[in-house]
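Below is one structure, written out as structure tokens, with a few remarks after it.
Indexing begins at 1, ligand by ligand and atom by atom, following the structure's order. Because the structure is predicted, anything quoted here is derived from the model rather than measured.
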Amino acid sequence: MTSAPRALPAVGSVIERAAIRALAERWTTPMVTDAVRAIIAAARTGSPLPSDDTAWVAAIDARLTEQTRPSLRAAINATGVVLHTNLGRAPLARAALAAIGEIAHGASTLEYDAERGVRGSRHTHCARLLCELTGAEDAIVVNNCAAGLVLALQALAAGRETVVSRGELVEIGGSFRVPEIMTASGTTLVEVGTTNRTHADDYRRALSPRTAAIVKVHRSNFVIEGFTAEASVRDLRPIASEAGVPLIHDFGSGLMLDLSAWGLTGERTVPETVREGATLIIMSGDKLMGGPQAGIVLGTREAIGALRRHPLARALRVDKLTLAALEATLALYRDPVRARREIPALAMLTETPEVIRARVVAIADAITAATGTAVAIEPCEATVGGGAFPTARIPSFAVTIAADAPSLEAGLRHGAIPVVGRIADGRLWLDLRSVLPEDDEVLVQMLLQALQPGVR
Ligand SMILES: *Cc1c(COP(=O)(O)O)cnc(C)c1O
């Protein structure tokens, strides 16, 4: 049996109603008209038609709210991967947020030397602080670690050869492939050694009058075990200096503090890496350093000077907001205790499992009390992410929900503030180690909305 076609209202008759006309204050008349048209069109294919003015207003509001949502918006990372590249890597410290606000608000000394009243250089801003904290001679900040490598190779090795181990021609995160970036930087790769073993002598034999640089890449996101050998920066330093070429170290993570007391062992800190003596050391600002997206290049005055003078430095430079956030983040490292507490990435990685468990219990209680949904509190293992400490498993706790896990997972992703968890063993897992404590309340609200879609 088919039902008789419903009589649909005309667009004009709907938008004439006082309640609907009033919506033009929040939106615009054309937006409201379009929404009404779309709702009527949807009713033609079976969607319910709003029954009264209140329902019309709600439907129009819902439609326009959805339509005007920014594409880039806040989310909650409950994956347990603390530095999640797809979710924006390191959250910024309060000090960094304040610095961004202050510098974004008005004019700044971006390229102005206020003391002397003359033009200054944006490249000076974080350089002194980076040198103070790491022991490097000089520093330059660019767009990201990849940009740092491109600039270093363009400035020092374009048109000539760069020697690199086959064991280090790796892919790190989406679309960063060492061999491709190097080739795109205008240098000719000379691969030495094998996937599992490369010796200092392999580098020595590859040197020629065309050699411009030796590159050492930190493998970052995987480990190789068994019959392996690699030449360290210390092994390579004499080879590079005999050949009179720079040794470029793509170091990646930017770890500033020793976290071994928290079970995170096996990665060198930036100051330790600087002491190893590569000519240039390149790292990300938004991994373990816990700052904004940036590429930090540390090195000798001569090499950094060459990078600063290269035309590409202009194309790869960072904006004032990045410099403000980076300088404020770096300043926290003057007091390591404060840095570990106030830089969110470090606070998340070093929080005790007991504190995380207490947060999980509070969330589970709130959900059960409001909805009666069965929520379990489960131990789990978080990871660092961002291509650092790839094998580290950090004890953590998760809220897990078994009922209708796939649709709940989707519901959470579709919320006003997407919550990203993971499905395992047929349950939804929300690992609290990668969630900022101040987001717990929002997480509860989003969970309630996803569990009871009708209720607001
Ligand atoms: C993460 C990483 C990169 C890429 O860093 P971006 O800042 O994302 O460009 C390059 N090299 C190493 C060794 C890394 O760990």
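- Ion pairing of R301 with D138 is absent here, as no side-chain N (NZ or NE/NH1/NH2) approaches a carboxylate O to less than 4.0 Å.
- The CG atom of L257 lies 9.5 Å from the CG atom of L133; values are rounded to the nearest 0.5 Å.
- Between E409 and R422 there is no salt bridge, since no side-chain nitrogen of the basic residue lies less than 4.0 Å from a carboxylate oxygen of the acidic one.
- Checked options D431, T400, V360, L432; the residue passing with C380 is D431 (criterion: side-chain contact (heavy atoms from CB on, under 4.5 Å)).
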Per-pair distances, ligand 1 N/O vs protein N/O, less than 3.5 Å:
{"from": "ligand 1", "atom 1": "5 (O)", "to": "S284", "atom 2": "OG", "distance (Å)": "3.1"}
{"from": "ligand 1", "atom 1": "7 (O)", "to": "C145", "atom 2": "N", "distance (Å)": "3.0"}
{"from": "ligand 1", "atom 1": "7 (O)", "to": "S284", "atom 2": "OG", "distance (Å)": "2.7"}
{"from": "ligand 1", "atom 1": "8 (O)", "to": "R89", "atom 2": "NH1", "distance (Å)": "3.1"}
{"from": "ligand 1", "atom 1": "8 (O)", "to": "R89", "atom 2": "NH2", "distance (Å)": "3.0"}
{"from": "ligand 1", "atom 1": "9 (O)", "to": "C145", "atom 2": "N", "distance (Å)": "3.3"}
{"from": "ligand 1", "atom 1": "9 (O)", "to": "A146", "atom 2": "N", "distance (Å)": "2.9"}
{"from": "ligand 1", "atom 1": "11 (N)", "to": "D250", "atom 2": "OD1", "distance (Å)": "2.9"}
{"from": "ligand 1", "atom 1": "11 (N)", "to": "D250", "atom 2": "OD2", "distance (Å)": "2.9"}
{"from": "ligand 1", "atom 1": "15 (O)", "to": "S220", "atom 2": "OG", "distance (Å)": "2.5"}
{"from": "ligand 1", "atom 1": "15 (O)", "to": "K287", "atom 2": "NZ", "distance (Å)": "2.7"}

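- Side chain to side chain, R166 and T194 fail the donor-acceptor criterion of an N or O pair below 3.5 Å.
- To the nearest 0.5 Å, atom OG1 of residue T265 and atom CG of residue D258 are 9.0 Å apart.
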